[in-house]
Amino acid sequence: MSVFIDRSDRVLVQGITGGEGTFWTKHMRDLGTDVVAGVTPGKEGQSVEGVPVYHTVRRAVAEHPADAAMLFVPPRFTKDAVLEALDAGIRKVVTIADGIPLHEALEIRAAARSCGARVVGGNTSGVISPGRAMMGMFPYWIERVYRPGRIGVMTRSGSLTNEVTAMIVRAGFGVSSLLGVGGDSVPGTRFAEFLPDFQADSGTDAVVVIGELGGTMEEEVAEAIESGVFCKPLVAFLGGRNAPAGKRMGHAGAIVTGGKGTVEGKAAALKRAGAAVADRPRAVGDLLREILGDPAHS
Amino acid sequence: MSVFIDRSDRVLVQGITGGEGTFWTKHMRDLGTDVVAGVTPGKEGQSVEGVPVYHTVRRAVAEHPADAAMLFVPPRFTKDAVLEALDAGIRKVVTIADGIPLHEALEIRAAARSCGARVVGGNTSGVISPGRAMMGMFPYWIERVYRPGRIGVMTRSGSLTNEVTAMIVRAGFGVSSLLGVGGDSVPGTRFAEFLPDFQADSGTDAVVVIGELGGTMEEEVAEAIESGVFCKPLVAFLGGRNAPAGKRMGHAGAIVTGGKGTVEGKAAALKRAGAAVADRPRAVGDLLREILGDPAHS
Amino acid sequence: MKLHEHEAKDVFKAEGIPVPRSVLATDPEGVARAAREAGFPCVLKSQVLRGGRGKAGLIKLVRSEPEARDTAAALFASPHGVRRILVEEAVDIDRELYLSITVDPAAAEAVVLACSEGGVEIEDLAARSPEKIVRERVPLAEGLSPYRARNVAYALGLSGDAAKKTAGILEALWRVFRKNDAELAEINPLFLTKGGGVVAGDGKLAIDDNSLFRHPGREPGRDYYDSDAAFEAAAEGIPYLQFDGDISLMCAGAGLTTVVYDLIVDEGGSVANYLEFGGPNYKKAVRAMELCLKNEPKVILIVTFGTIARADVMAEGIADAVKRLAPKCPIVACIRGTGEEKAVETLRSLGLDPLFDTEEAVRKAVALAAAARGSGAAPGAGGSK
Amino acid sequence: MKLHEHEAKDVFKAEGIPVPRSVLATDPEGVARAAREAGFPCVLKSQVLRGGRGKAGLIKLVRSEPEARDTAAALFASPHGVRRILVEEAVDIDRELYLSITVDPAAAEAVVLACSEGGVEIEDLAARSPEKIVRERVPLAEGLSPYRARNVAYALGLSGDAAKKTAGILEALWRVFRKNDAELAEINPLFLTKGGGVVAGDGKLAIDDNSLFRHPGREPGRDYYDSDAAFEAAAEGIPYLQFDGDISLMCAGAGLTTVVYDLIVDEGGSVANYLEFGGPNYKKAVRAMELCLKNEPKVILIVTFGTIARADVMAEGIADAVKRLAPKCPIVACIRGTGEEKAVETLRSLGLDPLFDTEEAVRKAVALAAAARGSGAAPGAGGSK
């Protein structure tokens with residue numbers, strides 16, 4: 001079992017003939033993903049890495065039923081591409097686009113919610129269930145860092161996730177599924193919305209949340225724990241503890257405004273709910289060992 | 001039992017302080033309708049026929065929970081008034097407005113569908129379950145023509161409905177519930193959507209559909225019968241049999257374009273589905289007697 | 001309200017849809033001048049509001065200035081009421097497509113209809129080979145997203161630049177549809193030119209009458225109507241249709257009036273005009289009768305069954321109208337509903353014999369009209385006594 | 001991107017929101033002239049992008065021309081970087097309201113926030129008395145329908161004309177919000193005047209940076225940034241924040257850079273600048289180091305853990321930068337990820353001693369900075385050896 005994607009998912013790649021689309025399609029296939037078709041308007045009849053290309057998503061899924069769409073589409077065309085995937089009946093979408101206009105991000109999330117779909121991203125490396133499947137931009141070597149295992153990971157960051165996951169692996173654990181919800185202020189799917197999946201996933205023993213200042217996603221995780229939606233152990237690491245108010249720390253979503261969205265408040269909420277909060281990357285591994293025991297002995 | 005409204009429904013009147021609102025509110029109450037509150041922006045604190053008036057629907061329902069909203073609002077403000085009712089949780093709306101802009105009519109119907117609500121109208125006299133309740137513009141004397149009984153009626157017209165209903169009454173029958181879906185080309189609710197209600201209504205033995213040229217509502221009734229959604233006897237009377245193509249016969253929805261929407265085609269579809277089709281108003285009563293027998297002997 | 005081709009094309013052009021170069025002319029000399037500027041061959045297109053202009057001989061290709069002048073003269077003199085001719089450059093056509101946007105009342109959405117055969121009547125095609133019609137739904141809240149435009153273009157079998165341009169034109173047509181509160185926005189045919197261009201060969205745009213208040217300046221003029229009476233009725237807001245029979249309908253309620261029309265035809269009668277003075281017009285009996293009398297009918301048939309439109313008020317209006325206008329033809333009246341008793345009194349005091357059954361009233365009107373035709377003259381007012 | 005008050009008010013005014021009469025001036029004489037025209041008393045409002053201008057003394061009421069001149073001179077000379085002053089007529093205030101529209105990421109909607117106490121900091125109020133805040137959700141597909149505007153106006157306890165006008169202003173503010181792809185559109189305070197008018201006393205408008213491509217001419221100028229380096233970094237598309245400490249961060253990945261910032265502060269160090277050269281900028285090491293050196297840092301700390309942003313490419317860029325710019329301060333480098341082995345070689349060939357643990361790198365950088373502060377001078381390049 002895994003969360004969001006698995007080997008059994010049939011994945012469509014929108015924007016497959018572009019440089020990124022072609023490059024990462026190969027990686028996705030090599031990491032086990034079943035890429036069934038690609039879409040680039042005007043390029044029907046071509047093929048990329050052996051994957052047939054169609055003009056539109058509707059034409060592609062008519063020939064190759066698909067569950068999930070991976071978008072390598074520029075930010076300003078992302079809304080259209082997401083709506084096209086949803087209109088064709090696809091209910092899982094990942095978009096790596098960095099720079100989706102804010103109002104369009106709202107429309108993307110609203111459209112997904114209204115039809116019960118999930119859009120992951122933008123501004124993310126994507127999702128990976130190591131050893132099974134990947135949608136996004138995780139290169140081959142990443143499997144050495146994201147070793148297959150039983151820890152679920154959710155994150156707003158890219159490089160920081162490598163940093164933290166390396167600590168999880170150093171502590172002797174591995175990753176079941178990693179979901180990058182992305183660094184934007186309006187991600188398509190929010191941390192708390194994946195918690196029921198991790199709760200149901202028999203392959204996940206605990207979840208690590210890599211959050212940061214800004215927004216309310218970490219507080220929602222605390223609420224989900226308190227409401228009993230999620231009962232497995234949860235360890236959070238939160239970036240931006242010392243960030244000055246009013247300065248946007250790189251990610252569009254990483255800003256404290258008017259006293260809202262501080263790491264202090266988030267950490268307090270999570271601790272109140274019973275989650276463990278790591279004060280530095282290395283502590284994530286330490287806390288997991290405290291909670292789950294030494295994985296070498298289990 | 002009745003279809004759409006009954007004595008137990010709590011009705012809110014939007015536009016209650018206008019001339020029509022005030023006049024028909026009195027009629028609705030006198031015909032048994034439980035009018036609990038009215039809305040006119042700026043007039044909170046007033047009362048109309050003993051009904052308290054509020055600035056907004058939200059404020060009204062906070063004090064007086066309501067199931068249904070009756071709109072006496074000009075056509076160009078109707079969309080806003082409908083959305084306001086839906087936003088406040090009301091799921092049954094009747095609008096008499098004659099002249100709702102076409103694109104707004106589409107938006108009204110789309111909004112109602114997306115939240116499982118029903119909007120009846122515009123361009124209708126409304127709905128009445130004689131002897132129980134009324135929403136719209138049926139005066140007191142109408143009860144003499146729409147005698148309480150066991151025949152359901154659905155109609156696109158006003159005066160023609162009086163004409164046909166008088167024939168139903170002359171044949172010895174009466175009306176269980178009468179629903180005026182209205183004469184516009186995009187009514188909020190369509191004939192076929194009420195058939196499951198009439199099927200379920202133990203107070204209805206048969207349904208009379210008063211249709212006319214234009215659109216596809218009568219064909220949809222035929223489909224509903226064929227699909228088994230509706231199994232009670234159904235008699236249709238269709239206006240515009242001899243209407244020349246391309247001319248709009250009064251109602252916005254009453255036009256044959258490109259051979260579509262002819263009465264001939266509608267009658268054929270209904271007959272194929274097993275419905276009886278009356279060729280003149282008087283025949284409606286005759287057909288009901290043929291099908292149901294003499295009501296005096298039942 | 002339907003716009004003329006040249007008006008529709010002006011709207012299209014403003015929204016970025018390529019249209020052929022053209023000049024509007026109102027007399028044969030103007031046409032000849034415009035044709036000379038356009039170059040030969042060029043096309044003369046009569047600006048009348050009817051379909052099938054090509055088949056009716058209202059669109060002509062001309063190859064010289066004299067031919068342009070003569071053809072224009074013939075078109076202006078035709079019985080089709082041609083007042084304006086659009087002189088248009090000839091386009092080097094490679095293919096023709098059909099493209100339109102209209103509403104889907106059941107789905108509560110707009111819908112694109114398209115076909116890779118242009119110039120066809122879409123309704124004929126829908127009946128003949130529905131599988132050739134490409135349909136694309138357009139929820140109003142979403143609008144016609146680029147992917148929907150691409151869906152249509154590629155479903156039409158287009159590729160490359162033609163697909164992109166056609167998709168772009170469809171997006172522009174959507175803006176036309178929305179900004180103009182359209183019932184229908186249609187390009188038929190859409191030309192793919194040999195030079196790789198995409199050009200709207202014709203343009204239809206029908207604005208929703210209920211939305212005209214948002215489009216000042218679009219009020220239809222006299223030439224939108226087929227009679228003075230129809231134009232005057234429209235100005236009054238009275239639903240009116242012009243026919244050429246001998247019974248004038250002056251009824252209340254669109255549905256009821258339509259049924260009275262049906263019954264008259266069933267009984268072998270013929271209708272001079274459809275006129276509906278119910279709803280907001282139920283106090284306009286005088287104006288209504290005036291309009292009826294313009295047709296010099298053999299009978300005026302009044303049928304009502306009003307609830308809000310009160311019978312007594314309508315009867316008083318009729319009394320007033322009869323006194324003021326002294327119609328020479330007989331009047332058959334069948335007025336029921338609110339205030340019926342008082343209405344009956346009023347009508348009787350006029351010398352009329354009110355009826356209570358629609359079918360009886362129709363039969364009487366048809367008989368009176370037949371009698372009047374037989375005698376060659378209409379009996380005087382109150383002749384229904 | 002936040003607009004200045006005068007820019008926001010121009011946008012508001014164009015959308016029909018009443019604003020006080022005002023003139024923008026850039027020197028004390030201009031202010032004095034504008035004040036004379038506005039009449040006394042009038043208000044001098046420093047156009048700087050920070051909240052709490054009133055408390056900071058950046059908004060002043062003046063009662064005479066000399067006072068206007070002197071006050072303006074003082075404001076221009078203040079340490080707040082005042083370059084423009086908006087001279088605004090005084091408004092005869094009866095009441096003040098708060099009105100704003102922003103986004104609700106969880107609900108995927110916009111949201112109106114309003115309060116019958118104007119001039120407050122809404123966040124303070126949210127913490128202090130959340131029940132005083134009126135919230136109205138606005139689905140983007142529906143827009144801010146008139147009924148939602150009325151809901152807000154009446155929930156604020158307004159009535160009559162004030163309610164209608166406030167609702168109208170809210171509808172206009174919605175158009176501002178949508179047309180400008182706003183993160184925030186705020187009127188605080190909204191004045192209800194004694195004469196029955198409703199006037200925007202202040203205006204805030206923040207445009208989403210990702211939507212700036214749709215708003216040509218809105219590119220932020222030098223005065224939007226608090227240093228030349230920040231302005232230049234923005235022009236390169238490199239995320240950069242100016243601080244005044246002594247360790248320059250040159251990291252990759254927004255999240256990782258933020259954590260490095262945290263760790264430095266934890267270890268007692270201080271940051272000169274936040275600079276993130278990951279993502280699309282991972283080949284811009286030379287430019288990044290140039291920006292860092294503008295701060296004359298005591299240490300440059302490089303931390304990366306890239307997947308797409310390849311370690312080997314970044315290392316080569318760093319090598320290039322060191323050769324070209326010959327930084328005098330020590331460099332601490334901790335570069336992991338794709339191409340790590342090759343990156344290590346490159347760094348070693350530079351004479352650097354690459355680390356593999358972020359915390360260790362941070363501690364070393366903090367120690368070096370402390371040492372440099374102690375010695376009063378930075379060691380030479382490669383000093384981390």
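Residue numbering restarts at 1 for every chain, and letters A, B, ... go by the order of the sequence lines. Please read these numbers as outputs of a predicted model, since none were measured by experiment.
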Sidechain N-carboxylate O distance under 4.0 Å for [X], [Y]:
| X | Y | result |
| --- | --- | --- |
| D357(D) | R282(A) | yes |
| R109(A) | E193(A) | yes |
| E104(A) | R214(D) | yes |
| E183(D) | K2(D) | no |
| R156(A) | D184(A) | no |

Contacting region of [X] [heavy-atom separation from chain D under 4.5 Å]:
| X | answer |
| --- | --- |
| M167(A) | side chain |
| E212(A) | side chain |
| P281(A) | both |
| I100(A) | backbone |
| S159(A) | both |
| F138(A) | neither |
| A192(A) | neither |

Selection from G253(D), G306(D), P239(D), P280(D) maximising heavy-atom pairs under 4.5 Å formed with chain A: G306(D)

Winner by heavy-atom pair count (cut-off under 4.5 Å) against chain A, out of E340(D), R178(D), E109(D): R178(D)

Polar contact flag, side-chain donor to acceptor under 3.5 angstrom, R241(A)-T258(D): no

